[in-house]
Amino acid sequence: MSDADPWLVVGLGNPGPEYAGNRHNVGFMVADLLAERMGGRFKAHKSRAQVMEGRCGAPGPGSRRVVVAKPSSYMNVSGGPTTALRDFYKVPVANIIAIHDELDIDYGALRLKFGGGDNGHNGLKSITKSLGAEYHRVRFGIGRPPGRMQVADFVLKDFSSAERRELDYFVDRAADAVETLIVDGLERAQSTYNS
């Protein structure tokens, strides 16, 4: 792995307007903000994903080549498009970052990690099956469902009006965390953003 190797940032979510505001789609929300910050637009790619290519970090030798992607497949088959993008852009697996919703973390809290299990998350399960577990994850807390609500119903519901008041701030913070991870490394990003 060298500084010249590109990074692949995969926001996890489900395609289509009916899912756009769902808790499960927070990975897409962060990916959209990263693309906006890099001044790029998403374009359809043959890998079954929307892709934006840009650079992260201060201009010059410290900046990193980054591909931001939103798979056009459903969450539970994210591994196929992610693998196709890895192959197309020649990205080392250790330079892949998956951004996803996480039930076991309080709403808005972040945890960055490298490797590990999928914790029942179908998007991660699919990527790990395709690529192995040695990639980065930015886990965006959505909390547990209230009462007896099923997990599947909870993640496929939009954020509540109370949650939406803080959502932009939390998405912004998650995008900052991804940029710090790429430019300054995992330890620095964890010490700054893990909560």
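These values consider heavy atoms only, across backbone and side chains, with no hydrogens, waters or symmetry-generated copies.
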After noting the C-alpha distance and the side-chain angles of E102 and R137, does the key distance pass the salt bridge (Lys or Arg N to Asp or Glu O under 4.0 Å) rule? CA-CA 10 Å; E102 178 61 65; R137 300 99 195 274; over 6 Å; no

Looking only at non-hydrogen atoms, find the nearest pair between A31 and A69 and report the distance. CB-O, 4.4 Å

For R111 and Y193, indicate whether the former's side chain and the latter's backbone hold a donor-acceptor pair under 3.5 Å. no

V51-V10 co-clustered via ILVMFWY side chain contacts under 4.5 Å: yes

Could you work out, with side-chain contact (heavy atoms from CB on, under 4.5 Å) as the rule, every residue matching V171, not counting sequence neighbours? V26, M29, V30, L33, F140, L167

Decide side-chain contact (heavy atoms from CB on, under 4.5 Å) for I182 and I97; before the verdict, give the C-alpha distance in whole Å, the side-chain angles of both, and the deciding distance to 0.1 Å. CA-CA 9 Å; I182 292 169; I97 302 170; 3.7 Å; yes

For a 4.5 angstrom cut-off between non-hydrogen side-chain atoms, does P71 reach L85? no

Any donor-acceptor pair under 3.5 Å linking the side chain of N14 with the backbone of Y19? no

Gap separating the SG atom of C56 from the CD atom of E179, nearest 0.5 angstrom: 4.5 Å

Side-chain donor/acceptor of T128 to backbone N/O of K125, under 3.5 Å: no

Going by heavy atoms in the side chains, are V67 and V9 under 4.5 Å from each other? no

Is the count of non-hydrogen atoms from other residues, nucleotides or ligands lying under 6.0 Å from K129 atom NZ greater than 12? no

Do N22 and D101 come within less than 4.5 Å of each other through their side chains, counting heavy atoms only? no

Evaluate the criterion side-chain contact (heavy atoms from CB on, under 4.5 Å) for residue pair I127 and I96; output intermediate values, then yes/no. CA-CA 10 Å; I127 293 173; I96 295 174; 5.6 Å; no

Could you list all the salt bridge (Lys or Arg N to Asp or Glu O under 4.0 Å) pairs where at least one residue sits in residues 145-165, not counting sequence neighbours? R23-E163

When you measure from the side chain of S126 to the backbone of N122, do you find a donor-acceptor pair of N or O atoms at a distance under 3.5 Å? no

Is L181 reachable from M52 through a run of I, L, V, M, F, W or Y residues, each pair having side-chain heavy atoms under 4.5 Å apart? yes

State, to 0.1 Å, how close P15 and S73 come at their nearest heavy-atom pair, and which atoms those are. CD-O, 3.3 Å

Closest approach of L186 to H136 (non-hydrogen atoms, all atoms of both residues): CD1-CD2, 4.1 Å

Grab the two heavy atoms, one from R65 and one from R55, that are nearest each other, plus how far apart they are. CB-NH1, 3.8 Å

Show the nearest heavy-atom pair for residues A177 and L112, with the distance to one decimal. O-CD2, 4.0 Å

Does G13 offer a backbone N or O that forms a donor-acceptor pair with the side chain of N25 under 3.5 Å? no

Do R173 and D168 sit within salt-bridge range, that is, some charged N less than 4.0 Å from a carboxylate O? no

Look at atom CG of D106 and say whether more than 12 heavy atoms of other residues, nucleotides or ligands are closer to it than 6.0 Å. no

Could you please spell out the steps behind the side-chain contact (heavy atoms from CB on, under 4.5 Å) verdict for N119 and R139? CA-CA 11 Å; N119 209 18; R139 303 159 72 201; 4.1 Å; yes

Any Lys/Arg nitrogen of K70 or D32 sitting under 4.0 Å from an Asp/Glu carboxylate oxygen of the other? yes

Please tabulate, for side-chain N and O atoms in residues 39-46, each donor-acceptor pair with protein atoms closer than 3.5 Å (sequence neighbours left out).
unit_1 : atom_1 : unit_2 : atom_2 : d
H45    : ND1    : S47    : N      : 3.1
H45    : ND1    : S47    : OG     : 2.9

Could you check whether the rings of H24 and H121 sit parallel, tilted or perpendicular, using 30° and 60° as the cut-offs? tilted

Output, in order, the C-alpha distance, side-chain angles, deciding distance and verdict of side chain to side chain donor-acceptor pair (under 3.5 Å) for T82 and Y135. CA-CA 11 Å; T82 304; Y135 57 92; over 6 Å; no

Can you name the closest pair of heavy atoms from P92 and P6 and give their distance? CD-O, 4.0 Å

Decide yes or no on side chain to side chain donor-acceptor pair (under 3.5 Å) for Y89 and E53, but give the supporting numbers first. CA-CA 10 Å; Y89 289 104; E53 296 177 55; 3.1 Å; yes

Let me check something: do V151 and F159 share a hydrophobic cluster, defined by ILVMFWY side-chain heavy atoms less than 4.5 Å apart, either directly or through other members? yes

Hey, any chance L110 and F170 share a hydrophobic cluster, counting ILVMFWY side chains that come within less than 4.5 Å of each other, even indirectly? yes

Taking it one step at a time, do D5 and V91 satisfy side-chain contact (heavy atoms from CB on, under 4.5 Å)? CA-CA 6 Å; D5 286 325; V91 179; over 6 Å; no

Is it the case that one hydrophobic cluster holds both V66 and I99, taking links as side-chain heavy atoms less than 4.5 Å apart, direct or via other members? yes

Can you tell me how far apart CZ (F28) and NE2 (H100) are? Round to the nearest 0.5 Å. 14.5 Å

Is there a donor-acceptor pair under 3.5 Å between the side chain of T180 and the backbone N or O of A189? no

So with a 6.0 Å cut-off around CZ of R144, is the heavy-atom count from everything else above 12? yes

Count the heavy atoms belonging to other residues, nucleotides or ligands that lie under 6.0 Å from CD of E187, then report whether that count exceeds 12. no

